[in-house]
Every structure is written in C-alpha cells, then in structure tokens.
Amino acid sequence: MKKHSKKMSLIAMIMLLAVVMTGCGGKEVVMKEFKSPDETVTIKLNEEWNAEDMGADGWIGASNKSGTDAVIVMQFDKLSTGISEIGEVKELVESNYVFTDQAEAEKPAMEGVTGIEAYTCKMDLDGTKGDGYIVYGETDYAYYAIIYAANRLNDSKKSNFMTSCESFKENAPEVENNSTVEATDTIQWFNASYAVLTHANGWDYTMYGGMPANEVSQELQVSLLDEWWGVTDRASADETLEWLITEGHNADFLLNMNDLIDAGIGEVAAENRVDFMLENYEVTEEEAQNYVNCYAAYEANPGQGILGWDYSRAMSVLANCYLAGFYTETEALDQAMTVAGLIQETFDSWDSFMENYLVGYEYWAEESSDERRAIYEELNAASDNPYAVDFNLTLEKTW
C-alpha cells in the first residue's frame, strides 16, 4: 500500500541538490526560521540562505548563496501518503540517489520526533558528487527525512546541521473526524479482528477503520480498495463482502487440501512431507514447506480451513468501505456484527483466531507469516493491547 505521491518533489529535490553541490565556499551567519508552505513544519537555517519551492505543502528547501550547501526537509504524512513505516521513506529517498560510504552519525535531539536515525554518506547525483548528512524520524502525524547536501562537509557544518535539526518544530494540523461511533468494547472487538493489518499499514488500531473519517481518508480508501480489491462502488463492495463470507480463499484452500489428501500426504510421516511434495509436485522447497505447514494446520482443525483469514479481511474491508463512502457507518457496523458472530462461532480465543489468520496469510502470500506473527506478539505486549478485550464478549449494538 505504498502511494508515494511525493515522487515529483523528489525529482525537484535531486535537481536542486545537483546544482547546489557544484559551488564552493560559504560562511556561518545568524539563523532564521524557514517554514513549509502549509506551515506544518519549521526549521532554523542560515539567515542568508534562499528558500526553494519544493512543490509540496509540508516540505522545506533552502540553499546558500554561493551554491555549496542545501537542506531539504521532506514530510510524508501518515494518512495521505500510505507510507506505513520509516523504512519505506528510506527506500524512497535512497532510490533517487547513489549513496556510498554510509555510516551511522550523531543523532540530533528533536522535540516530538521518535525513531531517529542519522547517517553520513557520499552522494552522487547524475555525476555531481558531494557529501550528505541524512536524518530520519517520525511523529504521530508524519515521517520525516532531513537532508544536508554539500560539496564538502566539515565539523562546523555538521554542528550547524545538528543545531538546525534540533530547532525542528511540527505544527500538525487538527484532523477532522466525521465518525460518530463511540469506542465501546464491541467496537474495540471489531478493531482487534484486523488489528495486525491495521498496524502493518501504520494506522491506528484503536480507531474504527484505522483512521479518521474525512475527505483525505475517503480519497485514500477509494484508491486502495480499487487497487487491492477491485471495489469501486457499493455494488462491487457488496459482491466482495459476499465472496469473503461465503467462499473467500478458504474455498480454494479446501480444494488444495483435499487434493493433497487424495494424493496420500496424510499417510506420510510429518518429517517426510516436504520430500513428498517435491517428488509429486513441481514446487520449490519453500513452496513445499508452505503447503506442508498449511496441511498440518488443516489436519489439526479441518473444520476451520482458513476462515479466520477471510473473516478478518471481511472486517477490514467493511471498515474501509465505510471510510470510502460506499457504506454508511451504521451499515458497515451492522454487517461487522454479523461477521463477528461468525468468528466467535468458529474460534474460541484470539490466539486460535489469529493462528488461523496466519495460516491463511501464508497460503495467500506464499511466504512466511513471521512478520505478521511478530506484529501480533507486539500488540499483545502493548500498553493499549487491542486483544485485551474478551474474545467471548457479548457483542452489543452501541451505534
């Protein structure tokens, strides 16, 4: 779910830095405050520097008069960009440069910013070479990358950059939320049923749908539903939800498991089943292990299939369709109540539900579920653990 709308601004940034790094010389003077166009970000830089138009509301660009130094502040707000972790910001920035000799560097202390990482490096921008100092971090509102590029960095410039970073301030806009539902135990139960996916996307698992209901989230969810599900309106939403509840990936999973039974996998010792798959099917060793894992889960609970996977996704899609405007809040929650009932009828705990969900993920993604399992364990240890709500809670209509 990576919607990198800042691509053109990154191209502009590359052009700016390539020009800046061709100059020579410069001196320190008094600092002044530079603001992003939407005034959500400020940072203090050399008062003689010139502001540059970066073409993005939350970005700041400035360079010195002699053309030797530049600083760029890049903001990726968590709601509209679809970026879910700081690693994606690093990938995006680094995909636009040739970085060499990267080394961990001194981290600035930045008020309200967490997860700070800092690196020095050599930069090559279309043949223009220079030094770079990069700082990454995040706030509740956004991810940030701050880059200092120069033809040559010395201790004095690095010190000044630290001072600039430490002057960084964020003035996050007040986020409109048109949702009227209260966060009752029933709503939190709904949220928990797809909290791993919500957290993986970098959203808020304590909020129905993972984000405030407003025009920005509506635009994002319309785009994501189309991209991932082919859902473009109420009719296609209805069709997708019906498929998830009545067939889903579980139908295909059961066919595959029955094929394996007919082929005789149940008569093979567990430790020999990977070899059995390799001998009888055109699969890689990783694929063979994946099928063996899925069969073991099916063998232990044949009545469950991967219903947990389909039901969890149904709960998530319902919330997304509400944010996209395809369902009203009441319509989405009424349907969620029905799906939640199916989950409680099929499973007896969050652990059994999530184990089944993870089997479904491995079947669908054809890869290990270790990352999602780690998220589940992380959430269980969190102070606001979404799974603290009783799985067997008597669900009540509170909307």
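Looking only at side-chain heavy atoms (C-beta outward), Ile265 and Met277 come within less than 4.5 Å of each other. You'll find the side chain of Tyr143 reaches within 4.5 Å of the side chain of Lys78, heavy atoms only. Tyr361 has its side chain out of reach of Asn356: every pair of non-hydrogen atoms, C-beta onward, lies at least 4.5 Å apart. Asn293 has its side chain out of reach of Val359: every pair of non-hydrogen atoms, C-beta onward, lies at least 4.5 Å apart. For the pair Asn214 and Leu79, the minimum side-chain heavy-atom distance is below 4.5 Å. Residues Leu342 and Ile245 are in side-chain contact: their nearest non-hydrogen atoms beyond the backbone lie under 4.5 Å apart. Put simply, the side chain of Ile187 reaches to within 4.5 Å of the side chain of Thr398, judged on heavy atoms. Side-chain contact between Leu197 and Tyr357: present, with at least one pair of heavy atoms (C-beta onward) separated by less than 4.5 Å.
Atom-to-atom distance recorded for Ser236:OG and Asp233:CG is 4.0 Å, nearest 0.5 angstrom. To the nearest 0.5 Å, atom SG of residue Cys294 and atom CD of residue Glu299 are 13.0 Å apart. Asn301 contributes atom CG, which lies 8.0 Å from atom OG of Ser352 (distance to the nearest 0.5 angstrom). For the atom pair OG (Ser179) and CD (Glu329), the distance works out to 3.5 Å, reported to the nearest 0.5 Å. Taken from OG in Ser349 to CE in Met354, the straight-line distance is 11.0 Å, to the nearest 0.5 Å. For the atom pair CE of Met162 and OG of Ser167, the computed distance is 11.0 Å after rounding to the nearest 0.5 Å.
The aromatic rings of Tyr208 and Tyr194 stand perpendicular to each other, their planes meeting at an angle above 60°, with 30° marking the opposite boundary. Classified by interplanar angle (parallel below 30°, tilted 30° to 60°, perpendicular above 60°), the ring pair Phe347/Phe353 is perpendicular. Between His199 and Tyr205, the ring planes lie perpendicular to each other; the angle is over 60°, past the 30° to 60° tilted range. Below 30°, between 30° and 60°, or above 60°: for Trp364 and Trp309 the angle between ring planes is between 30° and 60°, a tilted geometry.
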- [ ] Could you go through the side-chain hydrogen bond (donor to acceptor under 3.5 Å, both in side chains) check for Tyr363 and Asn256 one step at a time?
- [x] CA-CA 10 Å; Tyr363 179 75; Asn256 275 276; 2.7 Å; yes

- [ ] Would you check, one step at a time, whether the test side-chain contact (heavy atoms from CB on, under 4.5 Å) holds for Thr42 with Ser36?
- [x] CA-CA 6 Å; Thr42 65; Ser36 62; over 6 Å; no

TODO: Would you check, one step at a time, whether the test side-chain contact (heavy atoms from CB on, under 4.5 Å) holds for Gln335 with Met315?
DONE: CA-CA 9 Å; Gln335 291 192 66; Met315 295 291 279; over 6 Å; no

- [ ] Apply side-chain hydrogen bond (donor to acceptor under 3.5 Å, both in side chains) to the pair Glu52 and Ser63, showing each step before the final yes or no.
- [x] CA-CA 7 Å; Glu52 304 286 345; Ser63 61; 3.0 Å; yes

Open item on the list: For a side-chain hydrogen bond (donor to acceptor under 3.5 Å, both in side chains) check, start with the C-alpha distance between Glu91 and Ser95, then their side-chain angles and the critical distance, and finish with the verdict.
Closed with: CA-CA 6 Å; Glu91 289 176 9; Ser95 68; over 6 Å; no

Task: Test log, rule side-chain contact (heavy atoms from CB on, under 4.5 Å), inputs Thr328 and Leu333 - done: CA-CA 9 Å; Thr328 67; Leu333 292 171; over 6 Å; no

TODO: Applying side-chain hydrogen bond (donor to acceptor under 3.5 Å, both in side chains), run through Asn64 and Thr68 and close with a yes or a no.
DONE: CA-CA 7 Å; Asn64 66 353; Thr68 61; 2.6 Å; yes

Task: Audit row: Ile60, Ile43, side-chain contact (heavy atoms from CB on, under 4.5 Å) steps and yes/no - done: CA-CA 8 Å; Ile60 298 171; Ile43 192 170; 4.0 Å; yes

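Aromatic ring centres of Tyr144 and Phe168: separated by under 6.0 Å. Outside the 6.0 Å centre-distance limit, the rings of Trp350 and Tyr376 are not counted as a close aromatic pair. You'll find the ring centres of Phe161 and Tyr148 inside the 6.0 Å limit.
Nearest heavy-atom pair across Phe34 and Ala62 is CE2-CB, 3.9 Å. When all heavy atoms are compared, the tightest approach of Ile146 to Met110 is CD1-CE, 3.6 Å. The shortest heavy-atom contact between Ile306 and Asn250 is N-OD1, 2.7 Å. Closest of all the heavy-atom pairs between Ala118 and Tyr133 is CB-CE2, 4.2 Å. Here the closest heavy-atom approach between residue Ile343 and residue Ser193 is recorded as CD1-CB, 4.3 Å. Scanning all heavy atoms of the two residues, the minimum distance from Ala200 to Ile375 falls at CB-CD1, 3.8 Å.
Checking Glu88 against Ser84 by side-chain atom types alone, a donor-acceptor pair falls below 3.5 Å. Side-chain contact of Ser164 with Asn160: a donor-acceptor pair under 3.5 Å is absent, judged by distance alone. Under the 3.5 Å distance criterion, with hydrogens and angles disregarded, no donor-acceptor pair is assigned to the side chains of Thr186 and Glu396. Glu286 and Asn290 are not linked by any side-chain donor-acceptor pair at a separation below 3.5 angstrom, with hydrogens and angles left out of the test.
Salt bridge Glu377/Arg372: absent, no basic N to carboxylate O contact under 4.0 Å. Using a 4.0 Å cut-off between a side-chain N of Lys or Arg and a carboxylate O of Asp or Glu, Glu166 and Lys107 do not qualify as a salt bridge. A salt bridge links Lys397 and Asp334; the closest N-O separation between the charged side-chain nitrogens and carboxylate oxygens is under 4.0 Å.
Judged by distance alone, with hydrogens and angles left aside, the side-chain atoms of Asp101 form no donor-acceptor pair with the main-chain N or O of Lys122 at under 3.5 Å. Looking at Lys157, its side chain does come within 3.5 Å of a backbone N or O of Arg152 through a donor-acceptor pair. Panel note: side chain Arg234, backbone Tyr327; no donor-acceptor pair is recorded below 3.5 Å. Counting only distance, with no hydrogens or angles, the side chain of Glu362 and the backbone of Ser369 share a donor-acceptor pair below 3.5 Å.
The 12-atom threshold is not exceeded at CG of Asp140, counting heavy atoms of other residues, nucleotides or ligands nearer than 6.0 Å. The 12-atom threshold is exceeded at CD of Glu271, counting heavy atoms of other residues, nucleotides or ligands nearer than 6.0 Å. Remark: Asp155 CG is loosely packed, at most 12 non-hydrogen atoms of other residues, nucleotides or ligands lying under 6.0 Å away. By the neighbour-count criterion of 12 heavy atoms within 6.0 Å, atom CD of Glu219 is sparsely surrounded, having that number or fewer from other residues, nucleotides or ligands. Within a 6.0 Å radius of CD in Glu378, more than 12 heavy atoms belonging to other residues, nucleotides or ligands are found.
Put simply, Val175 and Phe76 are part of two different groups of oily side chains (I, L, V, M, F, W, Y) that touch within less than 4.5 Å, one to the next. One hydrophobic cluster holds both Leu307 and Phe253 under the rule that ILVMFWY side chains link at heavy-atom gaps under 4.5 Å.
Between Thr40 and the options Glu170, Gln75, Lys35, Lys169, a side-chain hydrogen bond (donor to acceptor under 3.5 Å, both in side chains) holds for only Gln75.
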